[in-house]
Amino acid sequence: MTYRFYGWEKANAKPVNDLYPSIRNPRDLYDALCGIWSAETCAPRLRREWSAENRTLGQCSITAFLAQDIFGGKVYGIELPDGSFHCYNVADGCRFDLASEQFGEKAGELVYDDAHEQFRHVHFADEDKKRRYEMLKEGLAKI
């Protein structure tokens, strides 16, 4: 299968635990999340724009922190023009962004420089974001 998320070619990070035995690398996680991402897990400000064709829209932080649960490493954010951050992962020597497809053609303009580490206690101070993250975890546990 050909993937389109940033870093897919070298996304060989190994799980640091046995939380999800069927997830052996970030590509496996992407495959599983393709059936879980939804308008309900999308960031509220983007929810009206979400579609099955753009399933990674508004899913970056909750996806990156879930990937961190599985692969360890750190979550970083690329500052966007509106002041928000687009989150991605660096784990086990691999840099990958499972939600990069939401940017379409503009994904190539993202600069992955590890400049802004992101922390779950900051992101999850937003109760809705924490709830959406929990939804992803619950969906993944059912697979």
Side-chain angles (χ1 to χ4, degrees), residues 1-80 82-104 106-108 110-143:
M1 175 174 195
T2 300
Y3 295 91
R4 295 179 303 189
F5 67 84
Y6 176 84
W8 72 268
E9 306 93 328
K10 296 179 182 177
N12 297 317
K14 301 290 182 232
V16 295
N17 54 52
D18 295 324
L19 291 173
Y20 307 98
S22 66
I23 306 298
R24 298 174 313 269
N25 59 54
R27 288 179 300 276
D28 288 343
L29 178 57
Y30 177 89
D31 290 343
L33 290 174
C34 281
I36 301 169
W37 285 316
S38 67
E40 195 171 356
T41 60
C42 178
R45 64 187 171 82
L46 299 170
R47 200 164 279 157
R48 280 193 241 163
E49 299 169 41
W50 188 89
S51 69
E53 292 76 36
N54 193 3
R55 62 183 161 242
T56 65
L57 180 69
Q59 312 284 343
C60 73
S61 63
I62 62 175
T63 297
F65 287 114
L66 181 57
Q68 184 183 46
D69 293 344
I70 298 167
F71 304 110
K74 294 184 177 185
V75 174
Y76 291 98
I78 299 168
E79 190 167 4
L80 300 175
D82 66 2
S84 65
F85 286 89
H86 173 70
C87 296
Y88 66 96
N89 297 83
V90 176
D92 195 18
C94 304
R95 183 185 326 233
F96 57 94
D97 181 353
L98 298 178
S100 62
E101 292 174 319
Q102 68 182 291
F103 296 102
K106 294 185 179 195
L110 296 173
V111 178
Y112 295 90
D113 62 5
D114 300 357
H116 304 284
E117 187 173 355
Q118 303 294 297
F119 300 95
R120 66 180 63 222
H121 72 275
V122 174
H123 281 266
F124 295 163
D126 175 341
E127 285 296 320
D128 182 69
K129 189 177 287 189
K130 186 174 183 185
R131 179 190 64 78
R132 293 183 296 109
Y133 159 82
E134 294 294 338
M135 287 177 65
L136 284 188
K137 280 178 53 174
E138 289 170 16
L140 198 56
K142 294 177 184 175
I143 294 176

[X] side, atom [atom1]; [Y] side, atom [atom2] - distance, nearest 0.5 Å:
X: Ile62; Y: Arg120; atom1: CD1; atom2: CZ; value: 12.0 Å
X: Ile70; Y: Lys137; atom1: CD1; atom2: NZ; value: 10.0 Å
X: Thr41; Y: Lys129; atom1: OG1; atom2: NZ; value: 13.0 Å
X: Trp50; Y: Ser38; atom1: CH2; atom2: OG; value: 6.0 Å

Any side-chain heavy atom of [X] sitting closer than 4.5 Å to one from [Y]?
X: Phe96; Y: Trp8; value: no
X: Asn89; Y: Asp97; value: no
X: Tyr20; Y: Asp18; value: no
X: Leu33; Y: Leu66; value: yes
X: Glu49; Y: Leu57; value: yes
X: Ser84; Y: Arg45; value: yes
X: Asp31; Y: Ile23; value: no
X: Phe65; Y: Lys130; value: no

Testing the basics here: between [X] and [Y], what is the closest heavy-atom pair and its distance to 0.1 Å?
X: Ala39; Y: Arg47; answer: O-NE, 2.7 Å
X: Trp37; Y: Leu98; answer: CH2-O, 3.8 Å
X: Gly58; Y: Arg132; answer: O-NH1, 3.5 Å
X: Cys60; Y: Ala99; answer: CA-CB, 3.8 Å
X: Pro26; Y: Ala11; answer: CD-O, 3.2 Å
X: Val16; Y: Gly72; answer: CG2-N, 3.8 Å

Could you please spell out the steps behind the side chain to side chain donor-acceptor pair (under 3.5 Å) verdict for Gln118 and Ser61? CA-CA 9 Å; Gln118 303 294 297; Ser61 63; over 6 Å; no
List for me each residue that meets side chain to side chain donor-acceptor pair (under 3.5 Å) alongside Asn25, sequence neighbours excluded, and say none if there are none.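 Here no residue qualifies.
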Given Ile143 and Ile36, is the side-chain contact (heavy atoms from CB on, under 4.5 Å) satisfied, shown in steps? CA-CA 10 Å; Ile143 294 176; Ile36 301 169; 3.7 Å; yes
Please determine, by modelled atom types, if Asp69 and Tyr133 share a side-chain donor-acceptor pair under 3.5 angstrom.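 The answer is yes; a qualifying pair exists.
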Could you tell me whether a side-chain N or O of Arg24 sits under 3.5 Å from a main-chain N or O of Lys14, the two making a donor and an acceptor?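 No, the answer is negative, given that no donor and acceptor are paired below the 3.5 Å cut-off.
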Backbone of Glu101 reached by a side-chain donor or acceptor of Arg4 within 3.5 Å: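 Flag not set: sc Arg4 to bb Glu101 has no pair under 3.5 Å.
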Applying side-chain contact (heavy atoms from CB on, under 4.5 Å) to Phe71 and Leu29, what does each step give before you reach the verdict? CA-CA 10 Å; Phe71 304 110; Leu29 178 57; 3.9 Å; yes
Should the pair Tyr6 and Tyr112 be assigned to parallel (<30°), tilted (30 to 60°) or perpendicular (>60°) ring geometry?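 Aromatic pair Tyr6/Tyr112 classed parallel.
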Just checking Glu40: does its CD atom have more than 12 heavy atoms from other residues, nucleotides or ligands closer to it than 6.0 angstrom?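 No, the 6.0 Å shell around CD holds no more than 12 heavy atoms from other groups.
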Taking only residues two or more places apart in sequence or in another chain, which ones pass ring pair (Phe, Tyr, Trp, His ring centres under 6.0 Å) with Phe5?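 In terms of ring pair (Phe, Tyr, Trp, His ring centres under 6.0 Å), with neighbours along the sequence ignored, Phe5 is linked to Tyr3, Tyr30.
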Test Leu136 against Thr63 for side-chain contact (heavy atoms from CB on, under 4.5 Å), laying out the working first. CA-CA 8 Å; Leu136 284 188; Thr63 297; 3.8 Å; yes
Does Gln102 form a side chain to side chain donor-acceptor pair (under 3.5 Å) with Arg55? I'd like the steps, not just the answer. CA-CA 7 Å; Gln102 68 182 291; Arg55 62 183 161 242; over 6 Å; no
Given the side-chain rings of His86 and Phe103, with only the six-membered ring counted for Trp, is the space between their centroids under 6.0 Å?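 Judged by ring-centre distance (under 6.0 Å), His86 and Phe103 do meet the cut-off.
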Taking the six-membered ring for Trp, are His116 and Tyr76 ring centroids under 6.0 Å apart?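 Not under 6.0 Å, so no.
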Arg27 and Asn12: CA distance, side-chain angles, deciding distance, side-chain contact (heavy atoms from CB on, under 4.5 Å) verdict: CA-CA 8 Å; Arg27 288 179 300 276; Asn12 297 317; 2.8 Å; yes
